[in-house]
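All residue numbers refer to positions in the sequence shown, counting from 1. Source: prediction; values computed, not measured. When reading the values below, keep in mind they use all heavy atoms of this one structure, side chains included, and skip hydrogens, waters and symmetry mates. For ligands, and for the atoms within them, numbers begin at 1 and follow the listed sequence.
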Amino acid sequence: MENVFKSACPLNCWDSCGFEVTVIDGKVTKIDGDRDHPITKGKICGRGRLLEARTNSPERLMTPLKKSNGTFQPISWNQALDEIAEIMKQVKKEYGSSAVLHSHDYANSGLLINLDKRFFNLYGGVTELTGSICWGAGIEAQKWDFGDAYSHSPDDLIHSKHIVVWGRNVARTNMHLFERLQEAKKQGATLIVIDPIHNATAKIANKYVSVKPGMDAFLALGIMKEIIRLELEDRTFINEHSVGFKDVEELLSNITLEELSVITEVDQAVFTDLAKVYGNGPTTTYLGLGMQRYENGGNTIRTIDALVAMSGNVGIRGGGANYGNLQVGQSFNVDSLSLPHKKAEFRSFTMMKQAEEILAANEPPIKMAFITCGNPLTQVPDTNLVKKAFQSIDTVVVIDQFMTDTAEMADYVLPSTTSFEEEDVYYSSMYHHYVNYGGKLVDSPGEAKSDLWIWTELAKRLGFGEYFAYTREQFIEMGLSNLTEHQITMQTLKEEHHIPLPVQEVPWNNKKFKTASGKYEFTSSLAKQKGYEGKITLSYPKESKYTNEKLVEMYPYSLLSLHPLRSNHSQHYPLIEGLQTNKVEISVDIAEEKGIKENDKVRVYNDRGEVIGFVKLLRKAHPRTINIDEGNWNKFGGSVNHLTSNGESDNGLGSVVYDCLVNIEKCM
Ligand SMILES: Nc1nc2c(c(=O)[nH]1)N[C@H]1C(S)=C(S)[C@@H](COP(=O)(O)OP(=O)(O)OC[C@H]3O[C@@H](n4cnc5c(=O)[nH]c(N)nc54)[C@H](O)[C@@H]3O)O[C@H]1N2
Ligand SMILES: Nc1nc2c(c(=O)[nH]1)N[C@H]1C(S)=C(S)[C@@H](COP(=O)(O)OP(=O)(O)OC[C@H]3O[C@@H](n4cnc5c(=O)[nH]c(N)nc54)[C@H](O)[C@@H]3O)O[C@H]1N2
Ligand code: SF4
Ligand SMILES: [Mo]
């Protein structure tokens, strides 16, 4: 029997698409877009479509596995859960509950993923991860400037005269914004793309600006200088709704346009052109995550925010410094799910430095780790260190659907369900503000169980089973409990499939900010409170000629590791043969300098490691730039994170995965 159900994409992505899933005789056979979804309107990408193949893959993990003498043996759920619970009890008794690490990322955008935290909080509180390899530097930066990171509603784009896409690979990573960019251009808006790579979004732009990786703040400073020279700044906003602009003016007086042009490798005329773009708005800025994955990443986002603010583009229709949209996630009653008050102990490592911290921890040491919704052996910087760290832990439990590089090194691997096998509601705090319903459509294969089932069974064995004595539906209701007045309940979601959350469409339109002063803070009081200087500064990436000349002599090229077109991080590599080798994209000047040609086999290396791959020439990239897409598995050539460093951004909460110098040589 064939049925078509409305559902939603669970992948970590800007777009949070609505799905129509065809199920024939208890099996998912096809995934299409939900034409009734107001934002995603029936279109989805290949990653979404391939969830069918992922769900039905013969490679799915089917039973719990335990490693003995280096090989995995299938064991029963009872044995796996009894043993794991016993180890948890022992570890807690001997070392305290924070000797357990919960390592995770955000690979499932369902609401119930917050129940992981409930489990670990009730256990007593474990070592948790803070910050984010993904967008941590920028989120913290916007908290300093605005008080929070909020974006305009997608529909607001029609009010923009100019659109600046700054470090976001829209055509590849955010397809529904891409459609809107094309539409806005037809309506007469101008599109400017600022990116070291002439990507598919740049191809449709009216103007493309190629910038030296990691130097965007200097570009924003140059634009601000020109705005002031041309008297295009918004003095009303600056005088009435902001604090600290004097510090920005002082900074601007310390550096010349000539110097800024040299640092950014951008022509001075471009500063003037962009000053006019920002000064004659409304101009909206879509910040991506690209330029904040550097040591100076927080400062970069703050300097761009400052440009958007001083030019009068904050809190107005058609404006905005759109980065993340945290108001979406803040709509839910997450605390009722995660019970933060239940934890007695607490320790945190940053996501970036988890490996280093594992190796250094002694009060208590890390004796056990749970890894869920993440694949740190491919995705966390400095793979060699990550491997060493996890191998040093007595007991590693990985919950996943596939035998990933991370699962390979675990002691216990527990098979998890995919999204069509369980009910949940899905949302993303990245772009639009609709929450989507996804029901249970098929049974899980073999003995795969949901993460929630696993927590529930462990909780029973650990003595706090009563906190998990709820159905999925009841848990979802709990998370939605503060939305009933907006008619967002299980019932209405099941009926309507997608409902807009009650968030602001034009954030900060009343010019009241969530900062301590209530104003936009060019110099941040929150930063000062946290022990930072608080001012925007002139700061460079960690690996650049301005900070480490010697390193540049050895490793002259900037390595980016962008998100792959056809895979969501590591998840689709096993399903697509064409992805199963490393493609090393290099700017043409490097090819000339090194005598390398298209398809040559090359070795890319630095002090941290090496990656072997095959060359593809980037004809219009910024000079001295290389890209190797992230996410590749060991068996297909290995993760680009063998080369990246585990440093933290200037504000402590972001990664530096693009702040990475390398050299390259042809393999003989
Ligand atoms: N196809 C696909 N889509 C995805 C994902 C995926 O894995 N695959 N992942 C999803 C997730 S989790 C995320 S976080 C988002 C990320 O979405 P994006 O932010 O769009 O993705 P990135 O790959 O980080 O690429 C950002 C862009 O920044 C540019 N860039 C790098 N360094 C600099 C710099 O110094 N200055 C400037 N101006 N630009 C720079 C890169 O060339 C690239 O074009 O994508 C989501 N969508
Ligand atoms: N060099 C470099 N490194 C990067 C990036 C980069 O641009 N360059 N990007 C960073 C970014 S933006 C991000 S968001 C991270 C992503 O990092 P990860 O989230 O670690 O990446 P994924 O490959 O999506 O791995 C997620 C794993 O979770 C599993 N999974 C999916 N759903 C569930 C579930 O419901 N339960 C459980 N238990 N498991 C599940 C999947 O099968 C998969 O193996 O990578 C970061 N790493
Ligand atoms: S991965 Fe993103 S664009 Fe693709 S279907 Fe899922 S939400 Fe939509
Ligand atoms: Mo991400």
Does any N/O atom on Val640 come nearer than 3.5 Å to any N/O atom on ligand 2?
no

For ligand 2, is there an N or O atom under 3.5 Å from any N or O atom of Ile133?
no

For atom 9 (N) of ligand 2, find the nearest protein heavy atom and state the residue, atom name and distance (0.1 Å precision).
His563 NE2, 3.2 Å

If the test is side chain to side chain contact (heavy atoms under 4.5 Å, CB included), which one of Tyr557, Tyr294, Tyr658 qualifies with Pro213?
Tyr294

Nearest heavy atom to atom 4 (C) of ligand 2 wins, so pick from Arg54, Gln401, Glu421, Gln379.
Gln379

Would Thr404 count as being in polar contact with ligand 2, using the rule that some N or O on each side must be under 3.5 angstrom apart?
no

I'd like to check which ligand 2 atoms, numbered from 1 as shown, lie under 4.0 Å from a non-hydrogen atom of Asn12.
14 (S)

Check this for me, if you would: do Lys117 and Glu128 make a salt bridge, where the nitrogen-to-carboxylate-oxygen distance has to be below 4.0 angstrom?
no

Pair Tyr470 and Phe475, ring centroids less than 6.0 Å apart
yes

Does the gap between the ring centers of Phe5 and Phe19 come in under 6.0 Å?
no

Does Trp135 have a non-hydrogen atom less than 4.0 Å from ligand 2?
no

Under 4.0 Å from a heavy atom of Ile399: which atoms of ligand 2 are those, numbered in the order shown and with their elements?
37 (C), 38 (N), 39 (N)

Note the single closest protein heavy atom to atom 26 (C) of ligand 2, along with its residue, its atom name and the distance in Å.
Ala107 CB, 3.3 Å

Should Arg180 and Asp155 count as an ion pair when the cut-off is N to O under 4.0 Å?
yes

Sidechain N-carboxylate O distance under 4.0 Å for Asp36, Lys41
no

Test your reading of the structure: does Asp400 have an N or O sitting under 3.5 Å from an N or O of ligand 2?
yes

Among protein heavy atoms, which lies nearest atom 23 (O) of ligand 2, and at what distance?
Ser570 OG, 2.4 Å

Please determine whether salt bridge (Lys or Arg N to Asp or Glu O under 4.0 Å) holds for the pair Glu20 and Arg35, giving the CA-CA distance in whole Å, both sets of side-chain angles, and the decisive distance to 0.1 Å.
CA-CA 8 Å; Glu20 280 179 9; Arg35 274 155 295 183; 3.2 Å; yes

Taking the six-membered ring for Trp, are His104 and Tyr106 closer than 6.0 Å centroid to centroid?
yes

So which heavy atom in the protein is nearest atom 11 (C) of ligand 2, and how far is it from that ligand atom?
His569 CE1, 3.7 Å

Hey, which atoms in ligand 2 end up nearer than 4.0 Å to a heavy atom of Asn641?
1 (N), 2 (C), 3 (N)

How far is atom 24 (O) of ligand 2 from its nearest protein heavy atom, and which residue and atom name does that atom have?
Gln571 NE2, 2.8 Å

So, 4.0 Å and heavy atoms of Ser416: is ligand 2 close enough to count as a contact?
yes

With a cut-off of 4.0 Å, which atoms of ligand 2 are near a heavy atom of Ser561?
1 (N), 2 (C), 6 (C), 7 (O), 8 (N)

Nearest non-hydrogen protein atom to atom 40 (C) of ligand 2, with distance, is Cys373 CA, 3.8 Å

Salt bridge Glu423-Lys440, side-chain N to carboxylate O under 4.0 Å
no

Could you check whether Lys353 pairs with Glu648 (Lys NZ or Arg NE/NH1/NH2 to Asp/Glu carboxylate O, under 4.0 Å)?
no

Looking at ligand 2, does Arg293 have a heavy atom less than 4.0 Å from it?
yes

Salt-bridge present (Asp32, Lys30; N to O < 4.0 Å)
yes

Selected option - heavy-atom contact closest to atom 36 (N) of ligand 2, from Asp405, Asp451, Asn108
Asp451

Candidate list Val397, Thr395, Asp411, test side chain to side chain contact (heavy atoms under 4.5 Å, CB included), partner Ile84, passing option:
Val397

Can you check ring pair (Phe, Tyr, Trp, His ring centres under 6.0 Å) on His37 and His432, steps first, answer last?
CA-CA 12 Å; His37 195 289; His432 70 75; 5.4 Å; yes

Protein N/O/S atoms closer than 2.8 Å to atom 2 (Fe) of ligand 3, ordered by chain and number, come to Cys13 SG

Ring centroids only, cut at 6.0 angstrom: are Tyr427 and Phe332 within range, meaning strictly under it?
yes

Would you indicate whether Lys542, at its atom NZ, is surrounded by more than 12 heavy atoms from other residues, nucleotides or ligands within a distance under 6.0 Å?
no

Any N or O of Asn375 that comes nearer than 3.5 Å to an N or O of ligand 2?
yes

What's the shortest distance from atom 19 (O) of ligand 2 to any protein heavy atom, and which residue and atom give it?
Asp105 CB, 3.2 Å

Could you label the plane-to-plane angle of the Phe119 and Tyr123 rings as parallel, tilted or perpendicular, counting under 30° as parallel and over 60° as perpendicular?
parallel

